[in-house]
**Student:** 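One structure, pasted below without further comment.
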There are 2 protein chains.
Amino acid sequence: MEKNKQVTIRQLSKKLGVSISTISSVLNNRQEERRISPETVKRVQQAAREIGYLPNISARMLRSYSSSSYPITIAVLTSFQAPLPLISSVITTLQRVGNEAEYKDINFNVTVDMFEAGRVKELPGLLDGTRFNAALIANTIPTDDEFLAENVISSPVVFIGRDIPHYSSVKTVAHMTGRQAADILYSSGSRNPVILYSKILTQTTIARIEGFREDAEKLSGNKPVEIVADGFTEKNGYEAMKNFLDSGEKIDGLYTITDSLAVGSYHAVKKKGLKIPDDIAVIGTGDSSVSPYIDPPLSTFTRSQYNLHEEAVRLLFKQLNGKISMPTQVVVPVMPVLRESTRRGSIANFEIDI
Amino acid sequence: MEKNKQVTIRQLSKKLGVSISTISSVLNNRQEERRISPETVKRVQQAAREIGYLPNISARMLRSYSSSSYPITIAVLTSFQAPLPLISSVITTLQRVGNEAEYKDINFNVTVDMFEAGRVKELPGLLDGTRFNAALIANTIPTDDEFLAENVISSPVVFIGRDIPHYSSVKTVAHMTGRQAADILYSSGSRNPVILYSKILTQTTIARIEGFREDAEKLSGNKPVEIVADGFTEKNGYEAMKNFLDSGEKIDGLYTITDSLAVGSYHAVKKKGLKIPDDIAVIGTGDSSVSPYIDPPLSTFTRSQYNLHEEAVRLLFKQLNGKISMPTQVVVPVMPVLRESTRRGSIANFEIDI
DNA sequence: TTGTATGCGTTATCAT
DNA sequence: ATGATAACGCATACAA
């Protein structure tokens, strides 16, 4: 694959028979103070345009931000298969926390690199330290995790939602969440619990599923039925649930691995003429911003995302500050948020959130 | 504000009385092939850790990616007040389109910079070209637009959702969207139309509002009532709508400037015991992924976002390729998507999307 | 009106 | 076992 052949000032200079500094001056609109002849200016500008000259930002930064105060580079690395809001959330958190007094003195810029799930290893600069001073890494799948565990990233790194030996990470107690979900459905009277998840599995989702399997079976005596959706979207949830309901299998409780899947499920359930929570109690995960406002409001678990990202960013900054050096594991608590969608059975009298 | 004083290899070298190249070797784990004494290695590593040495990524890249093929830098610039999904969407689109055969030869990395609405001017490197080779800019407010119109960014730039003189931009026909919304509500029998928007206004939202005002008044004979929410979230929509309904003002049709505001409104409307679309027809904007699945499915306008971002990215790449040089305006069409929430009156028989 | 030289921080090559 | 030096691309002070 031929990547873009970058043209440098020097090559322009040779081509035009004009000195480097003249070119540079023109390209930076210093033509007047440098009193370059209009003719030369034209020639340079035209050549630059024709040839598609693009300055080397690294060189410019090296030159401009010198004097012991250049911005460091923080990378956000995630797979294409990530739930879409993740990047925004992490970046916004980075910028927000970075503005706090405590970290005001960290002058940084943020880059984002994405990889196909299973192919972190192909990310340029991951191991050689040529692309970032520090990184937040999310949405790796086990293949990636293996690779990362076997290799060493020499910059400070925080993993979001997964544990990689020798690195810092921020996680939720995903296994426990799955178990709690099973408990809540059981308390709402569900004896035929079903779990709906995406076929894209990560450490966190696997843990949730396993936790649910264990307690659901222990409590109800039935192995929970598992529905696998194609992805995380509402559409994926709708389609998976519709197929399931059409099959006629028993269900009286539903745990979804994300709130978006629950939203899609709602629609399928209602179209089938079933009522939530009367016929099917539903609990999601993540407390999406829409969850309190759908009909009925969705029981779920706290937006671990928010806290996760916040904790991850803080942990990274602390490592950069030198406040923490050892790999550190942070566990973010996840709390159930009970709303109408599980208001049934012995759990009906619990305090409702909205 | 004291920014981080970066330590360089040279300073470490002076401090330790060891040569620069030795330090570099140790820091890159070349100690064995270079046969540095274990003692020196220790000293260097410790000093680096203590002093918080962070390599200058620009220097490293300059050194490493030389030979006429370094990655160019594409920046995504947006305000903190942007709807959260925007960044993710733009970045994902960048990566996806960048992987297409046509653009495979553009080797780039992505940086994200955020600014407070109204303060683009404070973004480092915006005008001096030290931070990016090309940029996608979104969610500026009029103050920002003014500044940008008066100054010159010398790199290729594409504005998303707004027009800035002398620059390329990708927009929707927002004004038309507003008018169509008014038409649709009117056709659904609404004579007391209401518009709900966020107090944070951009070129696009302003145009939508104006379009709606015009046609709503023309058609219904009544100036539409305007509700102003604090922001774009479902919660903001819920609260604004709840207050409005509590006030007892007339309403039989609602146009919201984003789908998220509509979702929040739904909840307020239902809590008030009113029915959608029977009592209030609702139409949103943006075709959010949840909109087809809420109850009732929400009429809206096509996810202009998606197309917008896609077009913006393509336009930027074309400029980088030299395929386009003049500032270019692209207008992305927006189509109404009619679902249950407006199924009333003469519009009831229109084809329904889901 | 234009060119030469220097240095930003880093790594690799070559000496010692 | 370690140091000196050149070069990456660019912008500027200074020279011509």
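Order of the sequence lines fixes the chain letters, A, B, ..., with proteins taken first and strands second; residue numbering starts at 1 for each chain. Keep in mind the model is a prediction, meaning the values are calculated, not measured.
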**Student:** Is any side-chain nitrogen or oxygen of N56(B) closer than 4.0 Å to OP1 or OP2 of dC8(C)?
**Tutor:**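 Answer no for this pair, as no side-chain N or O of N56(B) is under 4.0 Å from OP1 or OP2.
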**Student:** Respond yes when some side-chain nitrogen or oxygen of R60(A) is under 4.0 Å from OP1 or OP2 of dG9(D), and no when none is.
**Tutor:**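 The answer is no; no side-chain N or O of R60(A) sits under 4.0 Å from OP1 or OP2.
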**Student:** Side chain of V18(B) only, please: which of dG3(C), dG3(D), dT10(C) is the nearest?
**Tutor:**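 Nearest nucleotide to the side chain: dG3(D).
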**Student:** Classify G17(B) by what it touches in the nucleic acid, base, sugar-phosphate, or nothing, heavy-atom distance under 4.0 Å.
**Tutor:**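 The answer is sugar-phosphate, as G17(B) gets under 4.0 Å only of primed atoms, P, OP1 or OP2.
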**Student:** So what does S37(A) touch, heavy atoms closer than 4.0 Å: a base, only the sugar-phosphate, or nothing?
**Tutor:**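 Sugar-phosphate contact only.
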**Student:** Report the distance from atom CD1 of I20(A) to atom C1' of dA11(D), rounded to the nearest whole Å.
**Tutor:**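 Interatomic distance, CD1 of I20(A) to C1' of dA11(D): 11 Å.
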**Student:** Which nucleotide in the list dT2(C), dC10(D), dT2(D) gets nearest to the side chain of T8(A)?
**Tutor:**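 Comparing dT2(C), dC10(D), dT2(D) against the side chain of T8(A), the answer is dC10(D).
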**Student:** What is the distance from CE of M61(A) to C1' of dG9(C), rounded to the nearest Å?
**Tutor:**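 My rounded result for the distance is 13 Å.
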**Student:** Any salt bridge linking E100(B) with R314(B)? Criterion: basic side-chain nitrogen under 4.0 Å from a carboxylate oxygen.
**Tutor:**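 Looking at R314(B) together with E100(B), the answer is yes, because their closest N to O distance falls below 4.0 Å.
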**Student:** Would you say Y53(A) places a side-chain N or O within less than 4.0 Å of OP1 or OP2 belonging to dC10(D)?
**Tutor:**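 Yes, such a contact exists.
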**Student:** Taking atom P of dC8(D) as reference, at what distance in whole Å does atom CD of Q11(A) sit?
**Tutor:**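 Value for this atom pair: 11 Å.
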**Student:** Find the distance I9(A):CD1 to dA7(D):P and express it as a whole number of Å.
**Tutor:**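 Answer to the nearest Å: 18 Å.
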**Student:** Do Y65(A) and T130(B) have side-chain N/O donor and acceptor atoms under 3.5 Å apart?
**Tutor:**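 Side-chain D/A pair, Y65(A) to T130(B): present.
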**Student:** Can we say D144(B) and R119(B) salt-bridge, meaning some charged N sits less than 4.0 Å from an Asp/Glu carboxylate O?
**Tutor:**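 Salt bridge flag = no for R119(B) with D144(B).
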**Student:** Regarding R35(B), tell me which of base, sugar-phosphate or nothing describes its non-hydrogen contacts under 4.0 Å with the strands shown.
**Tutor:**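 Here R35(B) touches the bases of the nucleic acid.
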**Student:** Is E102(B) salt-bridged to K323(B), going by a charged N under 4.0 Å from an acidic O?
**Tutor:**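 A salt bridge links E102(B) with K323(B).
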**Student:** To the nearest Å, give me how far apart CZ (R10(A)) and P (dG9(D)) are.
**Tutor:**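 Rounded to whole Å, this separation is 7 Å.
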**Student:** Tell me what S24(A) touches on the nucleic acid: a base, only sugar-phosphate, or nothing, going by heavy atoms under 4.0 Å.
**Tutor:**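 Base, at least one base heavy atom under 4.0 Å.
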**Student:** Could you state the atom-to-atom distance from CG of L62(B) to P of dT11(C) in whole Å?
**Tutor:**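 Checked: the CG to P distance equals 12 Å.
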**Student:** Rounded to whole Å, please give me the gap between CD1 in I36(A) and C1' in dT12(D).
**Tutor:**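 It works out to 12 Å between those atoms.
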**Student:** By nearest atom, which of the nucleotides dG3(D), dG9(D), dA12(C) is closest to the S19(B) side chain?
**Tutor:**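 Nearest nucleotide to the side chain: dG3(D).
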**Student:** What contact category does S58(A) fall into here, base, sugar-phosphate, or nothing, at under 4.0 angstrom with non-hydrogen atoms?
**Tutor:**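 Counting heavy atoms under 4.0 Å across all strands, no contact is made by S58(A).
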**Student:** Quick one: R43(A) CZ to dT1(C) P, roughly how many Å, whole number?
**Tutor:**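 The distance from CZ of R43(A) to P of dT1(C) comes to 15 Å, rounded to the nearest Å.
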**Student:** For a quick check of understanding: with a heavy-atom distance under 4.0 Å over all strands, which category does L27(A) fall into, base, sugar-phosphate or nothing?
**Tutor:**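 Contact class for L27(A): none.
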**Student:** Can you confirm whether the side chains of S24(B) and S21(B) place a donor and an acceptor under 3.5 Å from each other?
**Tutor:**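 Checked: S24(B)/S21(B) side chains show no N/O donor-acceptor pair below 3.5 Å.
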**Student:** Mind running ring pair (Phe, Tyr, Trp, His ring centres under 6.0 Å) on F108(A) and F132(A) for me, showing each step along the way?
**Tutor:** CA-CA 10 Å; F108(A) 66 97; F132(A) 53 81; over 10 Å; no
**Student:** Can you tell me if the side-chain N/O atoms of S21(A) get under 4.0 Å from OP1 or OP2 in dG3(C)?
**Tutor:**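 For dG3(C), neither OP1 nor OP2 has a side-chain N or O of S21(A) closer than 4.0 Å.
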**Student:** Within the structure shown, what part of the strands sits under 4.0 Å from S25(B) by heavy-atom distance: base, sugar-phosphate, or nothing?
**Tutor:**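 Answer is nothing: S25(B) stays at 4.0 Å or more from every strand.
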**Student:** To the side chain of Y70(B), which of dA7(D), dT12(D), dC10(D) is closest?
**Tutor:**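 So the nucleotide nearest the side chain must be dC10(D).
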